[in-house]
Protein chains: 2
Amino acid sequence: MRASVAITVSGLKTACSQCNLVELCLPFGMPDSELSRLDELVGARRKVKRQQNLYRAGDTFEAIYAIRAGSFKTDVLLEDGRDQVTGFQMTGEILGLDGISTETHSCNAVALEDSEVCVIPYAKLEQLSHEVEGLQHQFHKVMSREIVRDHGVMMLLGSMRAEERLAAFLLNMSQRFTARGFSAAEFHLRMTREEIGSYLGLKLETVSRAFSRFQEEGLIAVQQKHIRLLDTAGLRKLIQHQTAGSGR
Amino acid sequence: MRASVAITVSGLKTACSQCNLVELCLPFGMPDSELSRLDELVGARRKVKRQQNLYRAGDTFEAIYAIRAGSFKTDVLLEDGRDQVTGFQMTGEILGLDGISTETHSCNAVALEDSEVCVIPYAKLEQLSHEVEGLQHQFHKVMSREIVRDHGVMMLLGSMRAEERLAAFLLNMSQRFTARGFSAAEFHLRMTREEIGSYLGLKLETVSRAFSRFQEEGLIAVQQKHIRLLDTAGLRKLIQHQTAGSGR
DNA sequence: CGTATCCTTGATTCGCTTCAACATTAGTGG
DNA sequence: CCACTAATGTTGAAGCGAATCAAGGATACG
C-alpha cells in the first residue's frame, strides 16, 4: 500500500474521462466533449474491504456509487432475521439507487472482495444533470435498467425451478464477465453457495446439488468457486423448456 | 358516455394542478407555484378497456403513464410461454419506466378494469425536468421507489412461504387502498386468483387454499374477489415469524 | 498446523404442485 | 329474461421437488 487509508480515501482525484470503465458505467454513450464535465461528478474514491459495508439499510442517502474495482452484493433484511440477497454488482455498475426514494438506504451493500467505488454525491448529480446534455437521460437509463433487471429476477424466483435458476444465474454471470473483457466460459465466483442460494431463493444445499448435477451432465466444470461453462447451449436449453410439450 | 371514443381519447385537456391524485402521483410534494407548469406535461389522456394492453413488450418507448382511474397489471413473458405478473398498479402510480433503458418496453401492461391514464411523453418530461425545479428529483424518487418495491417482491418470492406471501399481499393492498381514501379493511380485488398466484410465485389452487385457510382462522372474510380483513395484526404476525424460535 | 468456514452428499420430511372433479359466477345470444 | 357456455374459484388426493437434518470432507486463513 502506498499511502495511509485516510489519504487514499479522500485524496485521489478521479476522472471519468480517463476511466476504462466508461463503456459500462454511468457515462456510457455520452460524447467525449461532455465527458470531461463528468469529472466534476466524482467527489472521491472509496475503498471497501471484503465483507465491509459500503452502506447499510437505514443509512442516510447522500451519494450513489460506481464500482471501480471489485464486486458487491446487496441484501435486504426482514425483522425476523431472514434476509435475501437482491443482487450482485460488478465493475461499472451503480449502487445506491434504492436510497433516493426515501432519502434512506433500504438495503445493505457489502463488498465481496476488496473493492473500490467512485462516490457520486447525489446533489451534484442532480445539479450537473441540468447542465450537461445527456447526463440526465443516461442516469434514467441506469435506473430503468435496474428495474428491468429486477423484473427478470422476479421471473426467475416466481416461475423457474432450482436448476433453471442456477443455469440462468451462470449465463448471466458469463455475459457480464464477457462485457468486461473476461472469458465467457471460465470465471471465478466471488460469492458463497449460501449467497447464491439466497439470491436465487434456494438453500445452499440445493445450489450445491445443482452444481454437481450440471457437472455430471457435462454442462459445467466446478472446482469450488471456479466455474467453467462447457455447454452453454445446454444451459440455455435447460432454462427454456422446463415443462416443454405440456401445453399448459 | 358523453363523447365518442376518438374525441375522448385525444381531446380532453388535462391539468395536474387540478387533479385530485396529486398527493400520490408524480407531482407529489411539489410546490403549488410549480404545479401549474406540470400541466404542460400531460399530452393527452387515454382510455384503456379491461383486458386491453396499454403497451406490450417490444413496443417502442415514447411515454410513461400515470394512472388516472382504474388499475393495471404488468407481466413479462418467457419464450417458452411461461409468464409472470411483476406488479399491480393503482391510481396515481406510474407505468412504463421499464422502457427507458432500451427505448423498448420490456413488459406488458394490461388494464384490470376499464381505466384511464395520463400520457406523459418522455421527451417532454426530460425537457421540463431541466426547467422546473424539483421535477427531476420527484421523478427519480418514483423510479427509486419502484426499485425498492421490486426488492420487496424479491424478498417475498425468495424467502416467504405461501401463506406469508398472501398475507403480505393483502396487507400491501390494504395499505394502498387506504392511501387512496378507501377502506383499509374491506376492498375488491380486480385480479384473478391466477394473477395473484403468478405475482406471488404460486399456483392458483394454492392461493385459493390460503384464502380459505385465512377465512377458517378468522383472519379475513372472502367472498370471491371481495375481501374483508378481520385481523390485520394476525396477518402481520403471520409474516414475521414463520420459523420463529428456530434460531437459524 | 490447527481451526473456522465453506462445500458436498445422503436420508427424510414437508409444502406446494399437479391432476381431477365440481361449484359458482359472469358473459352471451336466443 | 332465461338458457347456455365459458371463465373463474373451490376442494380433495396423490406426487414431486426443495427444505431440513445430519455427517463428513475440502479449503482458506491466521
Side-chain angles (χ1 to χ4, degrees), chain A residues 49-51 73 82 84-85 110 112-114 156-167 169 188-217 220-227 238 242-248, chain B residues 49-51 73 82 84-85 110 112-114 156-167 169 188-217 220-227 238 242-248:
Chain A
K49 281 214 179 297
R50 186 175 129 85
Q51 303 279 35
K73 70 169 178 182
R82 277 182 286 182
Q84 164 101 11
V85 172
V110 182
L112 294 175
E113 59 193 306
D114 292 358
L156 182 144
L157 291 171
S159 50
M160 286 188 180
R161 317 233 250 83
E163 294 191 357
E164 299 178 289
R165 296 185 199 183
L166 189 65
F169 170 74
H188 196 83
L189 297 175
R190 310 317 302 217
M191 65 295 283
T192 66
R193 300 286 190 265
E194 185 167 24
E195 286 164 335
I196 296 171
S198 174
Y199 179 61
L200 299 177
L202 303 170
K203 292 292 150 184
L204 67 100
E205 294 96 327
T206 307
V207 174
S208 182
R209 272 185 252 271
F211 269 126
S212 300
R213 179 86 77 89
F214 285 176
Q215 183 153 252
E216 279 168 32
E217 289 168 358
I220 65 175
V222 190
Q223 198 168 25
Q224 298 292 124
K225 289 178 166 156
H226 193 83
I227 308 286
L238 222 161
Q242 163 201 31
T243 1
S246 88
R248 239 304 189 82
Chain B
K49 282 213 180 297
R50 186 175 127 85
Q51 302 279 35
K73 68 168 177 182
R82 277 181 287 181
Q84 165 101 12
V85 172
V110 183
L112 294 175
E113 58 193 307
D114 292 357
L156 182 146
L157 291 171
S159 49
M160 286 188 180
R161 315 230 254 84
E163 295 192 357
E164 299 179 289
R165 295 185 199 184
L166 190 65
F169 170 74
H188 196 84
L189 298 175
R190 314 310 308 214
M191 65 294 285
T192 66
R193 299 288 189 265
E194 184 167 23
E195 286 164 334
I196 296 172
S198 174
Y199 179 62
L200 299 178
L202 302 169
K203 292 292 149 185
L204 66 100
E205 295 96 327
T206 307
V207 174
S208 183
R209 273 184 252 270
F211 269 126
S212 300
R213 180 85 78 89
F214 285 176
Q215 182 153 251
E216 280 168 31
E217 289 168 356
I220 65 175
V222 190
Q223 197 167 26
Q224 299 292 125
K225 288 178 165 154
H226 193 84
I227 308 286
L238 222 161
Q242 162 202 32
T243 0
S246 88
R248 240 300 188 90

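Chain letters run A, B, ... following the sequence lines, proteins first and then strands; every chain starts at 1. Hydrogens, waters and symmetry mates are skipped; everything else that's a heavy atom, side chains included, is used.
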| query | Can you check whether B/Arg209 has a side-chain N or O nearer than 4.0 Å to OP1 or OP2 of D/dT10? | reply | no
| said: Closer than 3.5 angstrom, by distance alone: can the side chain of B/Glu113 be matched with the main-chain N or O of B/Arg50 as a donor-acceptor pair? | reply: no
| In whole angstroms, how far is the P atom of D/dA19 from the CZ atom of A/Arg165? | 8 Å
| field | Spacing of A/Phe169 atom CZ and A/Leu202 atom CG [to the nearest 0.5 Å] | value | 11.0 Å
| query | Is the shortest heavy-atom distance from the side chain of A/Arg193 to the side chain of A/Phe211 under 4.5 Å? | reply | yes
| Rounded distance (nearest 0.5 Å) linking atom CD of A/Gln84 with atom OG of B/Ser159 | 4.5 Å
| request: State which of D/dT11, D/dT10, D/dC21 makes the closest approach to the side chain of A/Glu205. | output: D/dC21
| Below 4.0 angstrom from OP1 or OP2 of D/dA7, is there any side-chain N or O of B/Thr192? | no
| Could you give the CZ-to-P distance, from B/Arg161 to C/dG15, as a whole number of Å? | 6 Å
| request: Give the minimum heavy-atom separation between B/Leu157 and B/Arg165, together with the two atoms involved. | output: O-NH2, 3.2 Å
| request: Please report, rounded to the nearest Å, how far the C1' atom of D/dA23 is from the CG atom of A/Leu204. | output: 14 Å
| request: Return no unless some side-chain N or O of B/Ser208 is found under 4.0 Å from OP1 or OP2 of D/dG9. | output: no
| said: Would you compute the distance between atom OG1 of A/Thr206 and atom CG of A/Leu166 and round it to the nearest 0.5 angstrom? | reply: 10.5 Å
Are any protein N/O atoms closer than 3.5 Å to N/O atoms in nucleotides 24-29 of chain C? If there are, list each pair with its distance.
none

| task | Please determine if a side-chain N or O atom of A/Lys225 lies less than 4.0 Å away from the OP1 or OP2 oxygen of C/dC6. | result | no
| note | Of A/Gly201 and B/Thr206, the one whose closest nucleotide on DNA chain D sits nearer the 5' end is B/Thr206
| field | Nearest-nucleotide pick for B/Ser212, side chain only, options being C/dT18, D/dT11, D/dA19 | value | D/dT11
| note | When rounded to the nearest 0.5 Å, the distance separating CZ of A/Arg213 from CG of A/Leu238 is 9.5 Å
| A/Leu202, nearest nucleotide to its side chain (from D/dT10, D/dA18, C/dT9) | D/dA18
